[in-house]
Amino acid sequence: MNKKKGLLANVDPATTIIPFAIIFVLCLFFVLRPVASTDALTAIRDFLGDSLGLYYLVIGLGTLVVSLWIAFSDIGRITLGKPGEKPQYGFFTWGAMVFTCGLAADILFYSFCEWISYCMEPHVAEMGSLQDWASTYPLFHWGPIPWSFYATLAACFGFMLHVRGCHKQKFSEACRPILGDRTDRFAGKFIDVLAVFALIAGTATTFSVATPLLGAALTTLIGIPASKFITIGILVVTCIVYTICVMRGIKGISWLANLCMYLFGALLLFVLVFGGETRYILETGFSALGNMAQNFIVLSTWTDALRTTFFPQNWTIFFWAYWMVWGIASPFFMGSISRGRTVKQVILGTYIFGVSSTLISFIVLGNYGLGLQMMEKFDVLGFYTASGDLYATVIAIIKTLPAHTLVLVMLIVSMIAFYATSFDSITLVASAYSYRKIEEDEEVSGRMKLFWAILLIMLPIALIFSEGSMNNMQTVSIIAAFPIAAVICLIIASFIKDAKGYIARTPEYRK
């Protein structure tokens, strides 16, 4: 009884009850007033993306530049832990957890089909050939800038946890060097509530984007009609898998992350070697990398000021905001597993492992489908235009592969593994977030992990019954990113201030 009272006394209601109350009210609004809620959220999103879109672009490019400055400055030499301490995990295990915790199953869905959307964009046609730009934009939108949010925040949170020895694993605590005592008052509470709200909205967004592909793959494999109950069953199975693993703590997550990487690698290797487009995939990918590098500044700063196509508003700003929302949980987890690594190793390691793995996925899976289109082996764009269904189009692309049944099995298992690994990390972070205070090595209560594991899956399941609400949740994620972007800037500034002070008073880091 005393242990139970102790747990409840240490639970922070501001980061548990308030966010769920907000989400519950929003869900009621979405379900009971679908048209009004859609109109309201669309108006807000249009205002943020159109009138204030430059805000997202500046923060995106700025975070990348600052991350590289931090890595190669004196701050980059700081070890996340005691000076000279060795890393907890080997590079592959650490990199596998970094990569899989940050992307979920979205990467498989977008890798297969994002080029299709760009082929439909007037702006891409204006820039040149589809061959050049439909293969380049996916690499840009999933490349260095979005990963810079993760890399920089992972270093910030790692410093907060392992150097400062913070007992509160919250977003607001990372702002303490600048906020001071205001961290414990309204300003800190507001930041924490905002962070948990964005985390929940981002969770629902992720499931809404990729789960339909998982459902389409499964129904195609077993030959039954698609239905909402199939999708719910998939979510339940995913929840069971990640709940079992998260109950085992970091060991369970690291095991699942390694398994996920092997499955993911096997899928990419099969498509590359046996898909019949090996030369095209490699050459197009190589050219796309060069095209992105040559035009990186132009792509990063283009705003379409005359609004001739709204391309950056519909795509670049959307992706930057989407990654900012996911920046609530993933970098926190990345920082927690980075003890013993230097700030420079965390930032550059995230770029090396995260960016390279992501780009390889888009080069292999995306260029396979693009190759079918450009070499007139299968009219992918025609199929999509006729069906209007991206998920069915992805399945049609997969069916062109030899032994496509095996590929569907690999896709299903890989997506479940990606989801489970990502939501393991989110569950751990959310559980720690719910405590008023928690020691660095303190194990989160199993009841708290079970509580979050179930609640994180309930919202996506509820939203399945209202397709409009699923789209609304994606919009909510974009809206949530607007204040979160300001908080990210505050965290980075706080980290730089704190790290410089630490260097000044630590003999090992003085020149």
Side-chain angles (χ1 to χ4, degrees), residues 47-49 51-73 75-76 78 102 144-161 163-164 166 168-183 185-199 201-202 300-301 303 312 316-332 334-335 343 346-347 350-351 429 433 477-502:
F47 172 73
L48 294 178
S51 301
L52 302 177
L54 181 62
Y55 168 79
Y56 294 91
L57 297 178
V58 169
I59 290 178
L61 184 58
T63 302
L64 174 63
V65 173
V66 171
S67 73
L68 296 176
W69 174 80
I70 291 173
F72 291 99
S73 70
I75 297 174
I78 297 176
I145 286 182
W147 274 100
S148 72
F149 300 130
Y150 285 7
T152 313
L153 289 177
C156 297
F157 294 136
F159 182 87
M160 182 187 87
L161 296 172
V163 178
R164 187 143 55 94
C166 181
K168 293 182 179 180
Q169 297 186 22
K170 299 178 182 293
F171 241 51
S172 62
E173 197 62 31
C175 304
R176 185 175 291 276
I178 288 180
L179 290 182
D181 293 341
R182 286 172 291 181
T183 305
R185 298 197 288 270
F186 175 78
K189 294 295 183 183
F190 177 75
I191 289 173
D192 291 334
V193 170
L194 180 67
V196 177
F197 171 74
L199 182 150
S300 303
T301 58
T303 61
T316 306
I317 292 170
F318 165 80
F319 277 118
W320 286 192
Y322 186 35
W323 280 74
M324 288 179 196
V325 171
W326 261 89
I328 300 298
S330 297
F332 226 117
M334 291 161 61
V343 169
V346 171
I347 292 176
T350 299
Y351 285 131
V429 170
Y433 223 83
S477 292
I478 306 308
I479 295 172
F482 186 80
I484 285 296
V487 176
I488 289 174
C489 294
L490 182 60
I491 289 174
I492 295 172
S494 297
F495 165 62
I496 293 173
K497 177 183 178 182
D498 208 9
K500 286 184 175 180
Y502 175 72

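Residue numbers count from 1 along this sequence. These numbers come from a predicted model, not from an experiment.
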- Minimal non-hydrogen separation, Phe149 against Gly60, with atom names: CZ-CA, 3.7 Å
- Exercise: identify the closest heavy-atom pair between Val343 and Ala155: CG1-CB, 3.9 Å
- Between Ile191 and Cys175, what is the shortest heavy-atom contact and its length? CD1-SG, 4.2 Å
- If you round to the nearest 0.5 Å, how far is OG1 of Thr63 from CE of Met324? 6.5 Å
- Report the C-alpha separation of Trp323 and Tyr150 in whole Å, then their side-chain angles, then the decisive distance to 0.1 Å, and conclude whether the ring-ring contact (aromatic ring centres under 6.0 Å, His included) test is met. CA-CA 8 Å; Trp323 280 74; Tyr150 285 7; 5.1 Å; yes
- Query: Any donor and acceptor pair, going by atom type alone, linking the side chain of Ser67 with main-chain N or O of Leu64 inside 3.5 Å?
  - Reply: yes
- So, for Ala151 and Val346, which heavy atoms are closest and what is the spacing to 0.1 Å? O-CG1, 4.3 Å
- Atom of Ala195, atom of Ile484 and distance for their closest heavy-atom approach: CA-CD1, 4.2 Å
- Task: Quick one: pull up CD1 in Ile178 and CZ in Phe495 and give me the separation to the nearest 0.5 Å.
- Result: 12.5 Å
- Item | Rounded distance [0.5 Å steps], SG in Cys156 versus CZ in Arg164 | 10.5 Å
- Message: So, taking the atom named OG1 in Thr303 and the one named CG in Leu54, what distance separates them when rounded to the nearest 0.5 Å?
- Response: 7.0 Å
- Side-chain donor-acceptor pair under 3.5 Å between Thr316 and Tyr56, yes or no? no
- Task: State the CZ-CD1 distance between Phe159 and Ile75, to the nearest 0.5 angstrom.
- Result: 8.5 Å
- Task: Decide yes or no for Val163 and Asp498: does some side-chain heavy atom of the first lie under 4.5 Å from some side-chain heavy atom of the second?
- Result: no
- Task: Go through the steps to decide whether Glu173 and Lys170 satisfy the test salt bridge (Lys or Arg N to Asp or Glu O under 4.0 Å), and finish with yes or no.
- Result: CA-CA 5 Å; Glu173 197 62 31; Lys170 299 178 182 293; over 6 Å; no
- Message: Go through it in stages, so that I can follow the logic: the residues are Ser172 and Phe190, the test is side-chain contact (heavy atoms from CB on, under 4.5 Å), and I'd like the CA-CA distance, side-chain angles, deciding distance and then a yes or no.
- Response: CA-CA 8 Å; Ser172 62; Phe190 177 75; over 6 Å; no
- Query: Hey, is the main chain of Leu179 close enough, under 3.5 Å, to the side chain of Thr183 for a donor-acceptor pair?
  - Reply: no
- Pro146 side chain near Phe319 side chain, heavy-atom distance below 4.5 Å: no
- Message: Side chains of Phe72 and Ile347, heavy atoms from C-beta outward: is any pair under 4.5 Å?
- Response: no
- Quick one: OG on Ser300 to CG on Leu57, what's the gap to the nearest 0.5 Å? 8.5 Å
- List the steps and the verdict of side-chain contact (heavy atoms from CB on, under 4.5 Å) for Ile78 and Tyr502. CA-CA 9 Å; Ile78 297 176; Tyr502 175 72; 3.9 Å; yes
- Query: Quick one: are Leu52 and Phe482 in side-chain contact, heavy atoms under 4.5 Å?
  - Reply: yes
- Message: Closer than 3.5 angstrom, by distance alone: can the side chain of Lys497 be matched with the main-chain N or O of Pro177 as a donor-acceptor pair?
- Response: yes
- Query: Is any side-chain heavy atom of Thr152 closer than 4.5 Å to a side-chain heavy atom of Ile491?
  - Reply: no
- In terms of ring plane angle, is the pair Tyr322 and Phe318 parallel, tilted or perpendicular, where the classes change at 30° and 60°? parallel
